[in-house]
Amino acid sequence: MAKKLLLKLLVVVATLTLVAVGCGNDDDDDGPVSPSDEGFAAAFVFVGPVGDAGWTWAHNEGRRYAEAQTGAATLFVESVPEVAEDFRAVVVDFIENEGANVIFATSFGYMDPMEELAGEYPDVVFEHASGYKMNDTNFGNYFGRMYQPRYLSGMAAGAITEANQIGYVAAFPIPEVLRGINAFTLGAQRVNPDVEVHVTWTFTWFDPAVEGDSAAALLEAGADVIAMHQDSTAPGLAAQEAGARWVSYNSDMSAFAPDAFITAPVWNWGPYYARIIEAVAAGTYTPGSYWGGMDDEIVALAPLADDVPADVAAEIDAVAASMVDGSWDVFTGEIRDQDGNVVVAAGETLDDGPMLGMDYFVEGVVGNASP
């Protein structure tokens, strides 16, 4: 999920008091190893620069949290392209030269080479963010129901727009992104049925120049609010320069364009990383497909701007509560696609399978779901 950048290792190892060795049981078979034992390490492969906001920043905050909570040594490499040989070189180095016991890979494009490496290194645990592949022994996947706070952020944006035209700077036409755009649109339409969401594809995860230009083009075409599915703050800067508004993504980016900022759907990866590290160290790890929601607090909504109307803010709180207690979810019908076809019948709620494979836009989205 990134441009091809020069690959460089930035290895960060916690300087802790370490006592035992290895992963699993120690040589004396005295019980499970602690993550703080000497020789245990968790390694993270990041698709973009850590920076100070966005997708990779949020994952790195999760790494730091897990390190503090578990005492595990952690390693990371940033800006690793979604190229099999590049990814493989980083992971093999982590395992063979740094002694990593668990690998976290944080981009969709790492999935296939990670699957191969899991077969080659059966004693190492591999956890992949945003993918769907796994095995029965040492390869699992994890993600969050980001469509939930996306919907809430759409409600806020729908209340703020005066032009009834929202621009959406989108990364790649994959189910994750399509699902987020649809959820955002449904949320905006809940409070403002006249809203249209105009989508531009950038085919980037982190390219400030491209993403900023795309936002500017949407603003010039009539949008007065910009939403996004990338890692940079460039769309927000473009919105602020144009006197427009902005919904960021991944983290609270309000400090970068405070006059434009409305809110943001945000990630909290730390507790999940800590749980996996503890399980690997204890020898209790079992691969799975984790998809947590607002009830797990892996996803959330950043604070709302002061000018979001009080009645809409109260409704956002109520809808969020229904997501947390499981009484309602976003893709509950009736929902129609761009062509007017019913894709979710009245009173029905999509199961995870159709959501994970979503390949269409809902009514109100202007753009092509498969350019």
Within the distance-only criterion (no hydrogens, no angle test), does the side chain of Asn182 pair as donor or acceptor with the backbone N or O of Val362 below 3.5 angstrom?
yes

Tell me, with the steps shown, if Trp291 and Tyr132 meet ring pair (Phe, Tyr, Trp, His ring centres under 6.0 Å).
CA-CA 10 Å; Trp291 201 20; Tyr132 55 86; over 10 Å; no

Do [X] and [Y] have side chains that approach each other closer than 4.5 Å (heavy atoms only, starting at C-beta)?
X      : Y      : result
Phe44  : Glu78  : no
Val280 : Phe40  : yes
Glu127 : Tyr285 : yes
Leu152 : Ile316 : yes
Trp57  : Asp231 : no
Asn250 : Val266 : no
Thr185 : Val195 : no
Ser107 : Ser130 : no

Evaluate ring pair (Phe, Tyr, Trp, His ring centres under 6.0 Å) for Phe184 paired with Tyr151, printing each intermediate quantity in order.
CA-CA 4 Å; Phe184 178 89; Tyr151 182 94; 9.7 Å; no

Where is the tightest heavy-atom contact between [X] and [Y], given as atom of each residue plus distance?
X      : Y      : answer
Pro149 : Leu301 : O-CD1, 3.7 Å
Pro258 : Gln240 : N-OE1, 3.2 Å
Thr202 : Gln230 : OG1-NE2, 2.8 Å
Asn138 : Pro122 : ND2-CA, 3.6 Å
Ala242 : Leu219 : CB-CD1, 3.9 Å

Should the ring pair [X] and [Y] be called parallel, tilted or perpendicular, given that the plane angle runs from 0 to 90° and is split at 30 and 60?
X      : Y      : value
His59  : Tyr273 : tilted
Phe172 : Trp205 : tilted
Tyr249 : His229 : tilted

Is there a side chain to side chain contact (heavy atoms under 4.5 Å, CB included) between Asn164 and Glu196 once you walk through the steps?
CA-CA 6 Å; Asn164 291 334; Glu196 290 184 341; over 6 Å; no

Working note: Arg64 + Glu67, criterion salt bridge (Lys or Arg N to Asp or Glu O under 4.0 Å); need CA distance, chi angles, decisive distance, verdict.
CA-CA 5 Å; Arg64 295 176 60 199; Glu67 183 177 85; over 6 Å; no

Criterion side chain to side chain contact (heavy atoms under 4.5 Å, CB included) on Val308 and Ile262, from CA distance to verdict
CA-CA 8 Å; Val308 173; Ile262 301 173; 4.1 Å; yes

Name of the residue among Tyr272, Trp269, Tyr142 meeting ring-ring contact (aromatic ring centres under 6.0 Å, His included) with Tyr290:
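For Tyr290, the ring-ring contact (aromatic ring centres under 6.0 Å, His included) check succeeds only for Tyr272.
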
Does Phe46 have Arg63 sitting over its ring (NZ/CZ under 6.0 Å from centre, angle to axis within 45°)?
no

In Å and rounded to the nearest 0.5 Å, what is the OG to CG distance from Ser322 to Asp317?
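Those atoms lie 11.0 Å apart.
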
Not counting sequence neighbours, which residues clear salt bridge (Lys or Arg N to Asp or Glu O under 4.0 Å) with Glu363? List them please.
none

Note: [X]-[Y] ion pair, threshold 4.0 Å (strictly below):
X      : Y      : value
Glu278 : Arg275 : no
Glu162 : Arg245 : no
Asp352 : Arg145 : yes

Can you list the residues that meet the ring-ring contact (aromatic ring centres under 6.0 Å, His included) rule with Phe331, with sequence neighbours excluded?
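Result, ring-ring contact (aromatic ring centres under 6.0 Å, His included) vs Phe331: Tyr147.
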
Evaluate side chain to side chain contact (heavy atoms under 4.5 Å, CB included) for Ile181 paired with Phe361, printing each intermediate quantity in order.
CA-CA 8 Å; Ile181 294 168; Phe361 278 148; 3.8 Å; yes

Those residues at least two apart in sequence (or on a different chain) that pass side-chain hydrogen bond (donor to acceptor under 3.5 Å, both in side chains) with Gln69 are none

Before you tell me yes or no, could you show the steps for Val366 and Val197 under side chain to side chain contact (heavy atoms under 4.5 Å, CB included), namely the whole-Å CA-CA distance, both residues' side-chain angles and the distance that decides it to 0.1 Å?
CA-CA 6 Å; Val366 178; Val197 176; over 6 Å; no

